[in-house]
Amino acid sequence: MEYVYAALILNETDEELNEDNLTNVLDAAGVDVEESRVKALVAALEDVDIDEAVSEAAAVPAAGGAAGG
Amino acid sequence: MEYVYAALILNETDEELNEDNLTNVLDAAGVDVEESRVKALVAALEDVDIDEAVSEAAAVPAAGGAAGG
Amino acid sequence: MEYVYAALILNETDEELNEDNLTNVLDAAGVDVEESRVKALVAALEDVDIDEAVSEAAAVPAAGGAAGG
Amino acid sequence: MEYVYAALILNETDEELNEDNLTNVLDAAGVDVEESRVKALVAALEDVDIDEAVSEAAAVPAAGGAAGG
Amino acid sequence: MEYVYAALILNETDEELNEDNLTNVLDAAGVDVEESRVKALVAALEDVDIDEAVSEAAAVPAAGGAAGG
Amino acid sequence: MEYVYAALILNETDEELNEDNLTNVLDAAGVDVEESRVKALVAALEDVDIDEAVSEAAAVPAAGGAAGG
Amino acid sequence: MSAQAERKTENLPQWKKEEVDELAQLIESYESVGVVGIAGIPSKQLQDMRRDLHGTAELRVSRNTLQVRALEAAGLGDLVEQIEGQVGLVGTNDNPFALYKELEASKTPAPINEGEVAPNDIVIPEGDTGVDPGPFVGELQSIGANARIEDGSIKVMEDSTVLEAGGEVTADLANVLNELGIEPKEVGLDLRAVVAEGTLFDPEDLDIDVEAYESDIQAAAAGARNLSINASYPTEATAPTLIAKATGEAKSLGLHAAIEDEELMPDLVSKADAQLRALAAQIDDEEALPEELQG
């Protein structure tokens with residue numbers, strides 16, 4: 001999932017979600033980056049409103065996690 | 001959430017979850033890193049079993065909803 | 001709610017939940033402290049298991065969560 | 001959570017939510033204040049509508065729901 | 001099942017959901033295509049809003065989770 | 001989802017789930033195929049038992065809910 | 001204040017002066033002073049109660065006129081209107097809310113006698129009285145209880161209010177209540193009002209709703225959790241939830257965008273399958289469907 005997390009980080013900054021930036025983030029985390037996965041991720045996210053996709057999922061309250069807290 | 005995402009990337013690699021590594025990942029994403037937030041996150045996660053927290057979120061998908069109900 | 005928050009801070013430290021300590025915390029926050037509210041709070045919380053109330057609150061998320069449940 | 005409670009007290013008074021005021025409140029409660037945590041909190045809350053963040057139930061996305069989506 | 005998946009693929013592209021296109025997709029997958037089933041499927045889907053039907057499926061697993069609560 | 005649908009079609013035929021076959025199916029459906037996504041999909045499915053994933057979903061549609069409840 | 005007190009007491013006989021002085025001293029030596037009703041408490045019991053209060057509060061009972069004098073002299077005129085019936089003065093350095101709670105908790109039920117005024121509605125509860133059939137059923141009926149003989153004993157058919165608050169207890173009613181063992185009074189030290197550091201509190205103020213405070217605690221704790229999570233400020237208590245939240249977000253993005261990730265594949269496959277089934281459910285023509293999707 002590290003590729004997805006990297007995309008989420010870039011989504012919160014003003015940086016573009018492109019192959020170079022994704023590769024940089026993953027590199028910095030010590031990931032042995034596969035170019036094709038980066039490419040695929042960029043392609044998959046091309047027309048996706050990330051904030052919407054994330055917030056749609058967030059509709060269920062955090063009780064489970066909260067209970068663990 | 002970018003700080004938390006960065007922690008999760010490190011958790012998936014074999015890199016240590018420490019201030020330097022977090023800062024590197026965030027830096028690479030163009031985040032204007034606040035040292036204090038990095039410190040606070042590392043401190044807060046010190047006693048947390050991240051894999052457990054992750055697998056709770058993943059493996060018991062509806063737990064949140066259930067507990068909330 | 002500032003009186004209640006103050007009580008919760010004291011509950012997390014090892015300080016006693018008494019009138020003086022509550023007043024000090026609220027004073028430090030610039031609250032124009034009403035002695036009678038402090039007194040009533042201290043008397044009321046004598047019969048409340050704060051840790052239990054807090055962990056119950058964690059298990060059932062706040063307002064929004066309840067409505068969602 | 002004492003740092004968060006302290007922020008919530010300041011949010012209810014007219015005092016500014018800054019490092020000095022937070023430190024004062026925590027000091028008064030006998031907390032051994034960590035500067036970095038205070039800094040991190042101020043940074044984290046900088047652009048946050050606290051009242052909204054407090055009343056909005058924290059949500060953890062349910063993977064089950066997401067799987068459907 | 002492959003016939004229905006083929007219909008779902010065509011639904012995501014801009015290609016028309018007709019007998020020729022379905023047959024092509026199935027052919028490419030090495031399916032020994034039965035013309036009558038293709039015909040029947042195209043006819044049956046004529047009046048179906050596929051996007052709506054699919055998004056209802058999305059709601060089901062999530063609802064299950066909620067109901068479990 | 002078209003890439004996933006294509007993989008599932010191949011899973012139902014006796015064709016191998018490889019890059020060429022996936023590309024053919026998608027091509028036939030008029031998809032502007034991204035080689036990287038095809039690669040990534042094949043890699044991601046390498047260790048996944050598709051039939052198991054499907055039958056679990058089919059047999060216990062509300063699994064999440066049940067588990068959570 | 002003591003000079004004023006002396007002036008006011010100069011016309012009193014010596015023993016009354018001394019009594020007022022004692023009261024003045026009690027008032028002066030405590031942060032909070034209150035008026036306590038002691039009606040219906042036998043003197044032996046009152047002594048026990050006073051002893052039980054030792055260390056928490058001091059209770060002094062004397063003539064009402066003297067209590068009024070002492071209160072007025074001490075500038076506690078607000079309490080004077082509470083000096084009515086059998087009362088005493090109480091002084092405490094403890095929290096007056098806590099004192100009220102303690103006194104309320106120590107009250108005990110007691111029978112009510114002929115000629116007394118009902119402090120609250122007197123109700124004879126529905127149910128089997130356990131009394132054998134006999135003239136008692138008539139006595140019950142005569143005081144207004146819905147009673148009859150059933151299955152070999154006297155039963156009260158519904159909760160029956162036999163006297164409203166403020167009404168005077170008749171001999172018949174007192175008898176019936178006694179026979180049934182109903183004790184409608186609450187006897188004990190009845191804190192009517194307190195002045196704590198200049199502020200007057202009546203029982204309405206003093207009767208704190210502990211449950212409301214408890215739910216305030218819960219609301220405050222939940223609010224702090226929400227803030228911590230929503231503002232991504234991790235604390236020890238909320239870090240696991242933040243991790244779970246981030247994980248869930250990544251997962252939902254991955255499923256939404258059909259990202260080719262190994263971890264997401266099982267869910268993506270089942271998502272596709274669910275969609276297939278949902279679409280199949282819209283198809284009426286079985287010819288169009290494979291066997292496993294028919295029906």
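Sequence lines set the chain letters: A, B, ... in the order given, protein chains first and strands last, and positions in each chain run from 1. Hydrogens, waters and symmetry mates are skipped; everything else that's a heavy atom, side chains included, is used.
Below 4.5 Å, heavy atoms of chain G meet heavy atoms from A:Arg37, A:Ala40, A:Leu41, A:Ala44, A:Leu45, all part of residues 26-46 of chain A.
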Q: Go through G:Thr238 and G:Thr241 one step at a time and tell me if the side chain to side chain donor-acceptor pair (under 3.5 Å) criterion holds.
A: CA-CA 5 Å; G:Thr238 52; G:Thr241 306; over 6 Å; no
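Note that CD1 of G:Ile217 and CD of G:Glu211 are 14.0 Å apart. Values are rounded to the nearest 0.5 Å.
Under 4.0 Å is where a charged nitrogen must lie from a carboxylate oxygen, and between G:Asp267 and G:Lys271 no such pair does.
Taking the centre of each ring, G:Tyr100 and G:Phe201 stay at or above the 6.0 Å mark.
With a 4.5 Å cut-off on side-chain heavy atoms, G:Ile124 and G:Ile182 count as touching.
The side chain to side chain donor-acceptor pair (under 3.5 Å) test applied to G:Lys155 returns no partner, not counting sequence neighbours.
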